[in-house]
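Bear in mind that the values here come from a model prediction, so they are computed numbers and not experimental data. Letters go in sequence order (proteins before strands), and every chain restarts at 1.
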Number of protein chains: 2
Amino acid sequence: MAKDSGDGLPPGVETAWGLRERPGKGPRPGLSVSRIVGAATELAAAEGIAAVSMARVATALGVSTMSLYRYVASKEELLILMEDTASGPPPQGPAPEEEGWRAALAHWARSHREVLHRNLWMLRIPVSSPPTTPNSVAWMERGLACLRGTGLEEGEKVQVILLVSGFVRNEATLMADIEAAARASGRSTAETMASYTRLLDRLTDPERFPAVTALLASGAMDGTEGPDDDFAFGLERLLDGVEALVRTRSGTGR
Amino acid sequence: MAKDSGDGLPPGVETAWGLRERPGKGPRPGLSVSRIVGAATELAAAEGIAAVSMARVATALGVSTMSLYRYVASKEELLILMEDTASGPPPQGPAPEEEGWRAALAHWARSHREVLHRNLWMLRIPVSSPPTTPNSVAWMERGLACLRGTGLEEGEKVQVILLVSGFVRNEATLMADIEAAARASGRSTAETMASYTRLLDRLTDPERFPAVTALLASGAMDGTEGPDDDFAFGLERLLDGVEALVRTRSGTGR
DNA sequence: CGCTTCTGCGTATGACATACACGCTATTGC
DNA sequence: GCAATAGCGTGTATGTCATACGCAGAAGCG
C-alpha cells in the first residue's frame with residue numbers, strides 16, 4: 001500500500017527526485033533512466049526531436065524497443081525527463097541584494113535562453129503538465145529568489161517569472177524557427193529572411209496593408225539586427241514594465 | 001512557365017490569397033479547400049488537434065483519404081490554413097489617434113486572446129514557418145497600425161508586436177494546459193491546481209527551496225486569481241515597458 | 001474525335017506508440 | 001537449500017498515421 005510514494009507522480013520522475021528505492025528483487029537492471037535519457041538527448045541534438053522515437057532510442061542503446069518501458073512509463077515521460085536533465089540546475093548568478101533584482105533577473109533570463117539555445121529540441125516538446133521535475137522547480141526557485149526585496153506579493157512574483165520565462169521561450173522559438181527554415185531550404189538565415197520579405201512585398205497591397213508596406217520599405221526587416229539584439233530589446237521592455245510595478249511598492253528598488 | 005505565381009508558396013495558401021485561377025480542364029472538383037478546412041476545424045474543436053488526421057477528415061467529408069491531397073499539399077499546409085481561417089480578419093478596434101496607442105494595442109491583444117480562447121487547438125499547432133497567410137498578415141498590419149504616432153522605429157514596432165503576441169499566446173497556452181490537465185483527470189481546474197500545489201509542497205524541502213516554500217505558504221497559488229486577472233496583469237506590465245520606451249521618443253505619447 | 005489535364009480513389013509502404021504474454025533471474029522468507 | 005515472487009528483456013501484434021504511386025474516368029480543348 002505505502003509502496004507508491006503518494007499522488008500520481010510518474011515513476012521516472014520519482015526516480016529523478018531520489019524517491020523510490022530499488023527493491024532488489026528481480027534481475028539486476030541492464031539499463032537506467034539516465035542512460036535512456038542520454039541516448040534520447042543525443043538523438044534529439046543530432047537529428048531533432050522528431051527523430052526521437054522509442055524504437056530509435058532503443059536501437060541506439062542496443063536493446064529492444066519494449067525494454068525502455070521498464071524504465072519510463074511513456075514517451076511523454078521520457079521527454080519530460082530529457083527536458084529536466086538538459087536544463088540542469090539553475091546558475092548561481094548575482095544576488096538581488098548585491099546588484100539589484102533587475103540584474104539578477106536579467107541574468108536568470110539569459111541563462112534560461114542559453115539552455116534553450118544549446119538544446120533547440122526542447123522548444124519542440126509540447127508542454128503538457130505543470131513542472132514537477134527537480135530542476136524545473138529549482139529554476140523556479142531561483143527566479144523567485146531574484147525578486148526578494150522588491151515588495152511584490154508572492155502571487156505577483158510568480159506572474160513575473162512566468163512572464164519572463166514565457167518571453168525567453170518565445171524569443172528562442174522564433175529564432176529557432178527561422179534557422180530551421182533556413183536549414184531546410186539550404187540557404188543562410190539572412191537569405192531566408194530576405195526571400196521572406198520579398199514574398200511579403202509581393203503579396204501586400206500598399207492600400208490594404210499600409211503599415212506592413214511601410215515596414216518593408218523602411219528596410220528594418222533586412223536583418224541587420226541579430227537575434228541577440230532582439231532578445232535584449234524585449235527583455236529591457238519587460239524589465240521596464242516590472243520596474244514600474246516595483247516602484248509602486250514598498251521595496252527599496254535597489 | 002508563368003503558371004506558378006513565383007516563389008514557393010504552397011498551392012492552398014495561394015488559393016487563400018485569391019491568386020491561382022482554376023484552369024477549367026479536368027472534371028469539376030467535388031471538394032474545396034474551405035470545405036476541407038471546415039471539417040478539419042470542426043474535428044479539432046470537438047476532439048483536439050490530435051484527432052485531426054487526414055484519414056479522419058476525409059471520412060468526415062465522405063471521401064477517401066487521398067482525395068484531400070488534390071487540394072492540400074500536406075497536412076502541415078492544412079494546419080496553416082486552419083489557423084488562418086480560424087483567426088479571421090483582425091477586429092477594427094479603437095484608432096490610436098483617438099484613444100492612444102495603448103488602448104489600441106490592448107484591444108488588439110485581447111482580441112488575439114479571444115481567438116485563441118475560442119480555438120484552443122490552435123495553440124497545439126507547431127509553428128513552422130513565418131506567417132504568410134492573408135489573415136495573419138492582416139493581424140500584423142493592425143498591430144503595427146496601433147503603434148502609429150509613437151515615434152518608434154519600424155523595427156521596434158515589429159518587436160513590440162512580436163512581444164505582445166508572444167505573450168498572448170503564452171498566457172493562453174498556460175491556461176489551456178491547466179484546463180486540459182483538469183479535464184484529463186476529471187477534476188475541476190481549482191482541484192487540479194490544489195493537487196499540484198500539494199504535490200509541490202511535498203516535494204520541496206524548505207531549505208533547498210525557500211522561495212517556493214514561501215510562495216506555497218502564502219496561499220497565492222490557491223487559485224483565487226482567475227486567468228483573466230493573470231492576463232490583465234501581464235499585459236499591463238508589458239505595456240508599461242513599451243510606454244517607457246515610447247516616452248523616450250519624439251511621439252506625442254497620446 | 002482525340003488529346004490533355006485534372007479528378008477521385010485503391011493499394012502499398014514504412015514509421016510509430018504501446019498492449020500483452022512469455023521465459024528468465026535474482027532475491028527473500030521459510 | 002528451496003520455492004515463491006517480483007522485476008527484467010523481448011517477440012509479436014494491433015492499430016494508427018502520412019503519404020507515394022498509378023489507374024480509370026471526366027471535362028474541356030483543338
Quick one: is Ser64(A) getting a side-chain N or O under 4.0 Å of the dG9(D) phosphate, OP1 or OP2?
no
Check: Does a salt bridge link Glu141(A) with Arg208(B), judged by any charged N lying under 4.0 Å from a carboxylate O?
Finding: no
When rounded to whole Å, the OH to C1' distance for the pair Tyr69(B) and dC6(C) reads 19 Å
The nucleotide from dC17(D), dT27(C), dA17(C) with an atom nearest the side chain of Lys75(B) is dC17(D)
Rounded to whole Å, CZ of Arg35(A) lies from P of dG9(D) at a distance of 10 Å
When rounded to whole Å, the CD to C1' distance for the pair Glu76(A) and dT18(C) reads 14 Å
When rounded to whole Å, the CD to C1' distance for the pair Glu77(B) and dT19(D) reads 14 Å
*asked:* Mind checking if Ser67(A) touches a base, just sugar-phosphate, or nothing, with heavy atoms under 4.0 Å?
replied: base
_Considering every strand and a 4.0 Å limit on heavy-atom distances, what is the contact class for Ser74(B): base, sugar-phosphate, or nothing?_
sugar-phosphate
Think Arg28(B) has a side-chain N or O under 4.0 angstrom from the OP1 or OP2 of dG28(D)?
-> yes
Which of dC8(D), dC9(C), dA18(D) is nearest the side chain of Val63(B)? It is dC9(C)
Within a strict 4.5 Å, meaning less than it, do heavy atoms of the Thr41(B) and Trp121(B) side chains meet?
yes
Among dT7(C), dC17(D), dC9(C), the one nearest any side-chain atom of Pro27(B) is dT7(C)
Among dT18(C), dT5(D), dG8(C), the one nearest any side-chain atom of Thr65(A) is dT18(C)
### Task
Determine, for Arg113(A) against Asp228(A), whether the closest basic-nitrogen to carboxylate-oxygen distance falls under 4.0 angstrom.
yes
When rounded to whole Å, the CZ to P distance for the pair Arg56(B) and dT19(D) reads 18 Å
Leu68(A) atom CG is separated from dG11(D) atom C1', nearest whole Å, by 15 Å
Closest of dC16(C), dT7(C), dA6(D) to the Lys25(A) side chain is dA6(D)
- Query: With a non-hydrogen cut-off below 4.0 angstrom, is Met66(B) in contact with a base, only sugar-phosphate, or nothing?
  - Reply: base
Open item on the list: We want to know whether Thr192(A) and Thr189(A) form a side-chain donor-acceptor pair, criterion being a heavy-atom distance below 3.5 angstrom.
Closed with: no
Side chain Glu191(A), main chain Ser188(A), donor-acceptor under 3.5 Å: yes
In whole angstroms, the gap separating C1' of dA21(C) from CZ of Arg70(A) amounts to 10 Å
Separation of dT7(C) atom P from Ile36(B) atom CD1, nearest Å, is 11 Å
